[in-house]
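Here's the structure we're looking at; comments come further down.
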Amino acid sequence: MGSEMASDQAEPHVRAPVRAPVGAAVGLAVLLTLLAVVSRQPTLDSPGFATVWPAGGIPVLWFLVRGAGVRSPDTVLLAGALVAANAVLGAPTAVNLVFAAVGVGQTLLAVGLLRRWSGQLWGCGGRRPLERLRALPAYGGALVVAMLAGAVVGTLGAWVVAGDLDLMGGVLLFGRNIVSALIVVTLGILVGAWLTGPRPRPSLVGDAGALELVAATVFSVALYGLAFSFYDLPLVFPLLAATVWFGVRFSTLACAAHSFVGGVVTLTLTTTGSGPFAAVQRDDVGALLAEFYVAIIVVTGLALSTGRDERNQLAAQLRRSQEEAVYQVSLRQAVIGSMVEGLFVIDDAGDLLVHNAAAARIFGLPGDELAWEDLVERSRQWADGAEVAVHERPSVRALNGEPVHDAELKVVRPDGTERIVSVFAIPLPHDEARDRARALVLFRDISAEHARRKELAAFAGVVAHDLRNPLAAIDGWTEMLADELDLGELDPELARQFVSRVQSSSARMHRLIADLLDHATSAQRELQLGPVDIAAIAREVAAARDVEAHVRVDPVPPVLADPVLLRQVIDNLIGNALKYVAPGVVPEVIVRGGCGEGSGGRVVTVEVADNGIGIPEGERQRVFEEFHRAHHRGYEGSGLGLSIVRRIISRHDGTIRVRANPAGQGSVFEFTLPAYR
Ligand code: ADP
């Protein structure tokens with residue numbers, strides 16, 4: 001609607017989209033003169049001019065199509081054609097000249113007014129057909145004013161030159177001109193706009209089909225036949241039914257064509273003495289009535305069909321808007337549904353207006369069971385566990401108009417697990433209709449990132465501590481060695497002791513650095529999966545450590561794994577099994593495996609059993625954490641080995657645990673890996 005109004009205002013200044021060539025002007029001048037010849041026969045006596053001669057309509061349409069103005073050659077051509085036509089119709093020279101001048105004047109006035117008042121119409125400066133009811137008054141008004149002015153000036157002019165004031169002639173002149181303008185100009189504008197308009201061209205039959213067009217045409221012909229056969233009966237009123245049919249069911253163009261034909265038929269038959277109008281006693285009154293009748297059917301048809309066209313356009317526009325709205329909604333749903341971030345739109349009445357699947361997933365709740373109070377209840381702590389005060393909540397701050405960035409909250413899910421989320425909350429435009437503040441809350445699950453951050457901090461602390469210790473020892477021993485050297489009385493035995501302590505400290509640092517490198521590799525190395533024979537690896541590890549006698553390797557089914565990382569696993573487990581034995585006990589390690597069905601397909605379970613000191617019940621989970629050691633005294637180590645093992649196993653989608661050895665002494669480390677088929 002807005003764009004229509006805008007174009008209404010913008011288009012009057014645009015010149016006609018088509019300018020017919022000069023040849024068309026000459027053709028029209030000839031046509032005008034020829035029409036005068038044709039309409040000479042049925043001339044009524046009183047005004048001395050042909051009633052059907054369309055002197056009002058054709059010149060106006062001609063000037064519109066040509067985009068012609070006062071100073072164009074068309075003005076001269078029109079004047080010439082009018083003089084010729086009036087001469088053909090037998091007008092005395094003086095009267096002829098007056099009416100030719102009046103004809104030119106009223107044409108220029110009509111064209112000027114149409115361009116000014118109906119500039120959006122095709123030929124008048126714009127491109128639109130006559131398709132809207134509210135365009136009719138300005139359009140009809142322009143024609144009426146011009147034709148009325150022409151009739152008044154013409155009548156007065158004829159009075160001056162011929163000395164005879166013919167008022168009835170003037171009224172007939174006006175009627176003839178306005179009727180011809182209405183039927184000719186209207187049809188011309190509609191045809192022009194239809195031919196030059198955008199394709200596909202609108203259907204001529206409007207709401208109806210071709211069959212109905214045939215039926216309506218037959219109906220019209222029959223009605224006109226009836227009305228004009230019984231001219232002693234006033235059977236004109238049924239003719240309106242045909243106009244109504246065309247106006248209600250067919251396009252404005254089809255309806256205008258119908259009015260054009262009906263008008264020409266009515267006027268022609270009336271002037272040739274047939275039909276109900278010719279039956280009126282006074283010829284001039286009959287002609288006037290015929291003109292009045294034609295004007296009525298033209299205007300009625302136009303009003304009905306433009307109203308219908310307008311209604312259809314509005315309905316189509318509404319349909320398009322609805323389709324657009326539906327599309328926008330589905331687009332919005334698709335976008336927010338596919339987001340990785342959780343999304344809530346809430347208002348200050350505590351209503352959850354919009355949420356997405358990710359939000360429900362992060363909270364571990366079914367999507368249709370989200371209630372704002374529950375969500376608030378589940379996110380009452382900051383990431384570090386401190387309670388969030390009500391006024392500090394991101395949603396509350398956003399509802400109060402303050403945007404919140406990167407607040408980290410803890411979400412407690414119904415199953416007791418916790419997620420850490422990073423929250424953005426943004427105030428939304430106020431809901432004026434319900435007077436409510438609204439806010440958008442976006443949040444991202446950063447649990448993994450958060451855990452990594454925590455792990456990194458702990459890791460850095462421990463690494464710094466564990467590297468600093470041996471370094472301090474090295475510093476201490478070398479300092480003492482230097483002091484002894486300064487004194488010049490270094491006992492070689494003491495010096496050997498110092499050096500061996502420095503060597504063992506540096507060996508500890510080497511091991512720690514090697515473990516740290518392994519730790520990093522276990523996380524970052526890209527998995528290169530292939531068939532792996534764990535028994536063979538175990539035998540190699542035992543051979544490399546020269547402990548074949550203490551390690552028994554039973555057959556293990558092949559697994560699908562990264563051989564380099566698996567070697568690290570086996571080496572760590574066998575190394576621990578040999579290391580954590582009570583003094584005096586001869587270590588005995590057994591590596592064995594078997595196949596079974598897991599949830600993700602066939603899995604191989606591998607066991608590394610030892611006869612060592614065992615791991616206390618409460619420590620069996622924690623030994624897999626970075627730097628956690630269950631035995632500090634008497635056993636060297638960094639506390640990284642089992643965390644490396646667990647990480648490698650879980651990267652292969654396996655699990656690992658440790659239990660007491662059922663044989664009575666020691667532990668059994670048991671892990672799973674996908675079987676190789
Ligand atoms: P490290 O051996 O360097 O201390 P690990 O991560 O390999 O580190 O092991 C963590 C802890 O688990 C060890 O400190 C030890 O207390 C315990 N542990 C590991 N393997 C065994 C085992 N086979 N028997 C008894 N305790 C073990």
Side-chain angles (χ1 to χ4, degrees), residues 455-456 458-459 461-470 504-523 534 537-538 541-542 544-545 547 550-553 565-593 605-651 654-671:
E455 190 182 286
L456 198 69
F459 196 81
V462 176
V463 168
H465 173 262
D466 282 20
L467 283 177
R468 217 176 272 139
N469 275 354
S504 93
S505 288
S506 96
R508 259 171 67 202
M509 285 179 71
H510 270 300
R511 273 199 301 278
L512 180 62
I513 289 169
D515 280 356
L516 285 173
L517 284 177
D518 281 351
H519 190 266
T521 322
S522 69
I534 288 185
I537 291 181
V541 167
R545 288 176 174 266
V547 289
H550 304 286
V551 180
R552 188 184 102 201
V553 182
L565 292 179
L566 264 219
R567 196 191 164 86
Q568 233 170 309
V569 168
I570 304 296
D571 191 52
N572 264 303
L573 292 178
I574 291 181
N576 280 351
L578 296 169
K579 180 165 62 169
Y580 294 103
V581 283
V585 173
V586 178
E588 275 173 35
V589 186
I590 303 171
V591 179
R592 58 183 166 235
T605 304
V606 184
E607 287 184 356
V608 179
D610 64 47
N611 62 338
I613 53 175
I615 301 173
E617 172 100 51
E619 294 280 341
R620 288 188 194 144
Q621 288 265 348
R622 302 200 58 203
V623 287
F624 294 101
E625 291 171 11
E626 273 91 359
F627 303 108
H628 187 82
R629 309 200 64 219
H631 313 95
H632 293 275
R633 284 166 189 270
Y635 300 94
E636 275 241 336
S638 63
L640 280 174
L642 288 182
S643 71
I644 295 171
V645 169
R646 182 182 61 176
R647 180 176 284 173
I648 294 175
I649 298 296
S650 64
R651 284 190 68 196
T655 55
I656 182 162
R657 61 189 182 119
V658 60
R659 53 189 161 87
N661 194 338
Q665 197 187 357
S667 325
V668 179
F669 283 84
E670 180 190 290
F671 61 89

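Since the structure is predicted, the reported quantities are computational estimates derived from the model, not experimental observations. When a ligand or atom number is given, it counts from 1 through the structure's own listing order.
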Determine whether Ser638 and Leu516 make a side-chain contact, defined as any pair of heavy atoms from C-beta on separated by less than 4.5 Å.
-> no
What residue pairs, at least two apart or across chains, pass salt bridge (Lys or Arg N to Asp or Glu O under 4.0 Å) with a residue in residues 660-669?
-> none
Partners passing ring pair (Phe, Tyr, Trp, His ring centres under 6.0 Å) against His519 (at least two apart in sequence or in another chain) = Phe459
Name all residues meeting the side chain to side chain donor-acceptor pair (under 3.5 Å) criterion together with Glu636; count only those two or more places apart in sequence or in a different chain, and write none if there are none.
-> Arg511
State whether the side chain of Asn661 and the backbone N or O of Asp610 hold a donor-acceptor pair below 3.5 Å, judged by distance alone.
-> yes
If we ignore angles and hydrogens, is there a donor and acceptor under 3.5 Å between the side chains of Glu619 and His628?
-> yes
Expected contact list for ligand 1 at under 4.0 angstrom, heavy-atom basis, is Asn576, Ala577, Lys579, Tyr580, Asp610, Gly614, Ile615, Val623, His628, Arg629, Ala630, His631, Gly637, Ser638, Gly639, Leu640, Gly641, Leu642, Ser667, Phe669
